[in-house]
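Fair warning: this is a prediction, and the values are worked out from it, not measured in the lab.
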Amino acid sequence: MDAVEMNAMVAAAAAGSAALAAPWARARLALSRAKHPSLAGHARMARRVARLLPYYEHTGDRFFAVDGAPADVVQRRREGFDRLAARLAERAPRTVAMTRELTEGLSDLRFTGAYRVPFPFSRHVAAHLPTGVCAGEATDTTVTDLDGNEAFDLSGSYGLNVFGYRFYRDCIDTGVAYVRDLGPVLGPYHPVVADNVAKLREISGLDEVSFHMSGTEAVMQAVRLARYHTGRSHHVQFTGAYHGWWDGVQPGVGNPRRTRDVYMLRDMDELTLRVLERRRDVACVLVNPLQALHPNASAPGDASLVGARKVTSADRATYAAWLGKLREVCTRRDIPLILDEVFLGFRLARGGAQEYFGVKADLVTYGKTLGGGLPVGVLCGTRRLMKRYRDDRPSDVCFARGTFNSHPYVMGAMHAFLDRIDDPARRASYATLDAVWQARLARMNAALAAHDLPIRMAGLASIWTVCYDVASRYNWMLQFYLRTQGLALSWVGTGRLIFSHVLSDADFAAIVERVVAAALAMREDGWWWADPTAPGGAGRQLLREVVAAWAGSIHSPRRT
Ligand SMILES: Cc1ncc(COP(=O)(O)O)c(C=O)c1O
């Protein structure tokens with residue numbers, strides 16, 4: 001074979017493999033295009049960037065002047081900070097002392113304490129602005145700390161508190177009474193389980209139910225079953241969506257394992273539909289409908305608040321239309337659609353997000369409020385998808401059991417919950433939910449606008465986020481001003497406010513007043529000063545800081 005023949009052969013082989021590779025390359029390209037352009041949309045890159053970020057901190061004078069504020073503003077901030085520190089310490093000495101003691105040995109607290117505000121500020125804040133996280137009493141919508149300070153509860157117990165804490169106390173008491181004669185006997189089912197299964201089948205419109213111990217577990221089981229029945233390798237979820245702490249649904253930062261079987265795609269985007277239309281390896285599509293509030297962005301939290309926070313309020317009709325399109329493509333391609341309603345189920349409607357957005361899923365997860373105050377995760381699904389074995393291959397099973405599944409006490413409290421949500425007044429309250437909460441949102445925003453404050457709220461029904469118009473490096477300070485006004489927040493601070501539906505108009509009016517008072521004090525203390533001429537604003541400043549920390553010219557002690 002001479003050189004000319006050889007070249008011709010190589011060219012022919014290359015053309016052949018290019019032809020073979022073309023569909024693969026096209027599919028790969030379509031997948032890349034369907035990833036959200038942000039870092040959150042690129043899990044692997046986000047993990048690499050996260051590993052490169054050095055620890056550094058702002059202490060002393062720099063704490064108050066990272067944005068180059070003039071001396072008079074820095075002085076106001078310093079005085080304001082000292083006032084806050086004194087108020088927080090004087091207000092709740094027992095609560096703060098107990099929190100400090102707990103922090104020694106409770107890993108959860110060590111973690112949340114370190115990530116309450118952006119990390120460069122965290123140590124100084126933890127040392128001087130004590131946040132007490134212990135409580136001794138609660139009413140429907142308030143919690144009281146160990147020093148007797150009653151605060152409106154805007155944390156909503158991570159979403160559990162839809163109907164007021166007394167409602168859940170009552171569900172637990174009633175539930176315990178239902179099953180007292182059996183007690184914690186695991187294995188046999190108490191008769192209340194039959195009622196729960198029947199009710200959940202009716203509410204979800206699905207054939208079967210399985211009980212788990214947390215929302216995370218219910219999601220694990222949903223995805224595992226979808227893989228088992230489709231024989232496909234990957235699941236699709238949307239950028240920023242939270243589905244619990246299982247590493248199978250956390251492809252990005254926060255998960256030490258590299259998860260290779262997740263396609264994290266753009267929410268509300270035709271490019272994603274194209275991927276679903278063509279790929280053959282998609283086992284299921286997993287949707288957290290709370291993303292309607294901030295599509296393609298992670299849940300807002302103060303630890304990552306480094307400038308403005310712009311969130312658009314949820315548009316129910318647009319998101320419903322998107323879910324409808326997803327439903328269509330999933331049906332056409334025989335891809336199970338999973339609606340993760342752990343957060344929203346029973347908050348938006350009796351029939352949950354399926355009813356609220358008018359979509360029918362193949363698998364639905366519930367949790368939080370459904371346990372009537374006790375821990376739970378629930379999966380409902382079609383008979384075909386819920387089956388954990390194959391008739392023709394006896395050892396090919398999809399194993400899922402758990403010691404505490406269907407725990408009698410949890411089943412009792414759930415039974416009381418499911419009974420009580422059918423109370424006519426409670427059922428009727430869902431019909432006015434949107435109107436009530438949109439009016440409250442408008443009222444809150446009007447009060448903030450009336451004082452020309454640079455914040456406003458965005459929300460999906462009773463789940464709100466504080467948005468900041470000013471790209472200040474200190475927006476997260478608002479959480480401490482809110483606390484001193486008697487407003488209790490969860491560890492994500494102003495990122496998530498969760499209201500109970502039994503909050504009265506009078507109490508809501510008091511909350512508006514307190515938010516306005518907190519924001520006025522924060523403005524007075526100079527935290528919203530911003531240099532309008534600063535090129536690139538807060539983002540550029542932050543980048544400069546990180547580079548300086550790398551170069552060693554910024555204080556970078558070891559974190560303890
Ligand atoms: C949508 C969603 N899925 C799953 C989970 C995890 O539930 P759990 O914390 O009970 O494990 C959560 C928790 O916030 C959630 O909001």
*Asks:* Between K35 and D269, is the closest basic N to carboxylate O distance under 4.0 Å?
*Replies:* no

*Asks:* Nearest 0.5 Å, please: how far is CH2 in W245 from CG in D247?
*Replies:* 8.5 Å

*Asks:* Any side-chain to backbone donor/acceptor pair from Q354 onto A361? Under 3.5 Å, distance only.
*Replies:*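 Such a contact is found between Q354 side chain and A361 backbone.
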
*Asks:* Can you check side-chain contact (heavy atoms from CB on, under 4.5 Å) on L109 and V133, steps first, answer last?
*Replies:* CA-CA 9 Å; L109 261 188; V133 295; 3.5 Å; yes

*Asks:* If every non-hydrogen atom of P408 is compared with every non-hydrogen atom of V179, which pair is closest and at what distance?
*Replies:* O-CG1, 3.4 Å

*Asks:* Rounded to the nearest 0.5 Å, what's the gap from CH2 on W246 to OG on S214? Could you check?
*Replies:* 12.0 Å

*Asks:* Report, as yes or no, whether the 6.0 Å neighbourhood of atom CZ on R333 holds more than 12 heavy atoms from other residues, nucleotides or ligands.
*Replies:* yes

*Asks:* With a 3.5 Å cut-off and no angle check, do the side chains of R420 and T174 form a donor-acceptor pair?
*Replies:* yes

*Asks:* Donor-acceptor pair, distance only, cut-off 3.5 Å: does the side chain of R47 make one with the backbone of R257?
*Replies:*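 Looks like yes, one N/O pair under 3.5 Å.
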
*Asks:* Centre-to-centre under 6.0 Å for W322 and F357, is that the case here?
*Replies:* no

*Asks:* Side chain of K368, backbone of F343: donor and acceptor closer than 3.5 Å?
*Replies:* no

*Asks:* For D391, give me all partners under side-chain contact (heavy atoms from CB on, under 4.5 Å), at least two apart in sequence or on another chain.
*Replies:*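 K387, Y389.
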
*Asks:* side-chain hydrogen bond (donor to acceptor under 3.5 Å, both in side chains) for S429 and H501? Distances and angles first, verdict last.
*Replies:* CA-CA 9 Å; S429 71; H501 292 183; 5.7 Å; no

*Asks:* For the residue pair N255 and T259, confirm or rule out a side-chain donor-acceptor distance under 3.5 Å.
*Replies:* yes

*Asks:* Taking H294 for the side chain and A297 for the main chain, is one N or O donor matched with an acceptor at less than 3.5 Å?
*Replies:* yes

*Asks:* Check step by step if salt bridge (charged side-chain N to carboxylate O under 4.0 Å, His left out) holds for R166 and D140.
*Replies:* CA-CA 5 Å; R166 275 184 309 191; D140 272 342; 2.8 Å; yes

*Asks:* So with a 6.0 Å cut-off around CZ of R169, is the heavy-atom count from everything else above 12?
*Replies:*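 Yes, CZ of R169 has more than 12 neighbouring heavy atoms, counting only those of other groups under 6.0 Å.
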
*Asks:* Set out, in order, the CA-CA distance, both residues' side-chain angles and the distance that settles side-chain contact (heavy atoms from CB on, under 4.5 Å) for V378 and C380, then state yes or no.
*Replies:* CA-CA 7 Å; V378 171; C380 297; 4.1 Å; yes

*Asks:* Taking the side chain as everything from C-beta on, heavy atoms only, tell me whether R227 gets closer than 4.5 Å to R224.
*Replies:*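 Heavy-atom side-chain distance check fails, nothing below 4.5 Å.
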
*Asks:* For R332, look at atom CZ and say whether over 12 heavy atoms of other residues, nucleotides or ligands are found less than 6.0 Å away.
*Replies:* yes

*Asks:* Does V466 have any side-chain contact (heavy atoms from CB on, under 4.5 Å) partners at least two apart in sequence or in another chain, and if so, which?
*Replies:* R309, I455, M457, Y468, L478, T494, L497

*Asks:* Evaluate whether atom CZ of R33 has more than 12 neighbouring non-hydrogen atoms of other residues, nucleotides or ligands under 6.0 angstrom away.
*Replies:*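 12 or below, so no.
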
*Asks:* Spell out, as yes or no, whether a donor-acceptor pair under 3.5 Å connects the side chain of T239 to the backbone of A40.
*Replies:*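 Pair absent, no side-chain N/O of T239 close to backbone of A40.
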
*Asks:* Checking D302 side chain against L305 main chain: does a donor-acceptor pair fall under 3.5 Å?
*Replies:*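 Side chain of D302 to backbone of L305: no pair is present.
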
*Asks:* Is there a ring-ring contact (aromatic ring centres under 6.0 Å, His included) between Y115 and F111? Walk through the geometry before answering.
*Replies:* CA-CA 6 Å; Y115 289 93; F111 176 69; 5.3 Å; yes

*Asks:* Mind checking the CG-CG spacing from L339 to L344? Nearest 0.5 Å is all I need.
*Replies:* 8.5 Å

*Asks:* State whether E202 and R350 are salt-bridged, where the test is any N-O pair (Lys NZ or Arg NE/NH1/NH2 against Asp/Glu carboxylate O) under 4.0 Å.
*Replies:*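 Yes, E202 and R350 are salt-bridged.
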
*Asks:* Carefully, step by step, assess N288 and H243 under the rule side-chain hydrogen bond (donor to acceptor under 3.5 Å, both in side chains).
*Replies:* CA-CA 7 Å; N288 176 355; H243 294 284; 5.1 Å; no

*Asks:* Rounded at 0.5 Å granularity, tell me how far CE in M414 sits from NE2 in H407.
*Replies:*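 These two atoms lie 12.5 Å from each other.
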
*Asks:* Given side chains that start at C-beta, do those of L286 and V223 come closer than 4.5 Å, heavy atoms only?
*Replies:*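 A side-chain contact exists here, since the closest heavy-atom pair is under 4.5 Å.
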
*Asks:* Could you walk me through whether R279 and Y263 satisfy the side-chain contact (heavy atoms from CB on, under 4.5 Å) test, starting with their C-alpha distance in whole Å, then the side-chain angles of each, then the deciding distance to 0.1 Å, before giving a yes or no?
*Replies:* CA-CA 11 Å; R279 289 200 79 89; Y263 294 135; 3.1 Å; yes

*Asks:* Taking T365 for the side chain and A218 for the main chain, is one N or O donor matched with an acceptor at less than 3.5 Å?
*Replies:* no

*Asks:* Calculate, to the nearest 0.5 Å, the distance between atoms CG and CG belonging to L348 and L460 respectively.
*Replies:* 5.5 Å

*Asks:* Is the closest side-chain heavy-atom distance between F346 and L370 below 4.5 Å?
*Replies:*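 In short, these two side chains touch, coming nearer than 4.5 Å.
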
*Asks:* Look at atom CZ of R390 and say whether more than 12 heavy atoms of other residues, nucleotides or ligands are closer to it than 6.0 Å.
*Replies:* yes

*Asks:* Is there a donor-acceptor contact under 3.5 Å from the side chain of R427 to the main chain of D422?
*Replies:*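 Absent.
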
*Asks:* Does a sphere of radius 6.0 Å around CG in D281 hold more than 12 heavy atoms from other residues, nucleotides or ligands, not counting ones at 6.0 Å or beyond?
*Replies:*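 Yes - once you tally the heavy atoms of other residues, nucleotides and ligands closer than 6.0 Å, there are more than 12.
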
*Asks:* Under the criterion side-chain hydrogen bond (donor to acceptor under 3.5 Å, both in side chains), I'd like the reasoning laid out for Y356 against D434: C-alpha separation, chi angles, the key distance, then a yes or no.
*Replies:* CA-CA 10 Å; Y356 187 80; D434 267 350; 2.7 Å; yes

*Asks:* Under the ring-ring contact (aromatic ring centres under 6.0 Å, His included) rule, what pairs show up with a residue in residues 159-190, not counting sequence neighbours?
*Replies:*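 Matches after skipping sequence neighbours: F163-F167, F167-F417, Y178-H415.
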
*Asks:* Hey, are the side chains of V410 and V376 touching, using non-hydrogen atoms and a 4.5 Å cut-off?
*Replies:*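 In contact.
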
*Asks:* Would you say the ring centroid of F499 lies under 6.0 angstrom from that of W464?
*Replies:* yes

*Asks:* Nearest 0.5 Å please: distance from the CZ atom of R110 over to the CD atom of E104.
*Replies:*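 That separation rounds to 5.5 Å.
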
*Asks:* Walk me through whether D207 and R384 qualify under salt bridge (charged side-chain N to carboxylate O under 4.0 Å, His left out).
*Replies:* CA-CA 9 Å; D207 308 317; R384 178 175 80 94; over 6 Å; no

*Asks:* Does NZ or CZ of R496 lie under 6.0 Å from the centre of the six-membered ring of Y158, at an angle within 45° of the ring axis?
*Replies:* no

*Asks:* With a 3.5 Å distance limit and no angle check, can you tell me whether R44 reaches the backbone of G252 through a side-chain donor-acceptor pair?
*Replies:* no

*Asks:* Is there a salt bridge (charged side-chain N to carboxylate O under 4.0 Å, His left out) between D396 and R393? Walk through the geometry before answering.
*Replies:* CA-CA 5 Å; D396 185 357; R393 298 267 189 284; 5.9 Å; no

*Asks:* Examine distances only and state if a side-chain atom of N296 and a backbone atom of D267 form a donor-acceptor pair shorter than 3.5 Å.
*Replies:*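 The answer is yes, because a donor-acceptor pair under 3.5 Å joins these two groups.
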
*Asks:* Might you work through the side-chain contact (heavy atoms from CB on, under 4.5 Å) test for Q237 and L265, ending with a clear yes or no?
*Replies:* CA-CA 6 Å; Q237 66 181 62; L265 304 184; over 6 Å; no

*Asks:* Would you call E270 and K325 a salt bridge, taking side-chain N to carboxylate O under 4.0 Å as the test?
*Replies:* yes

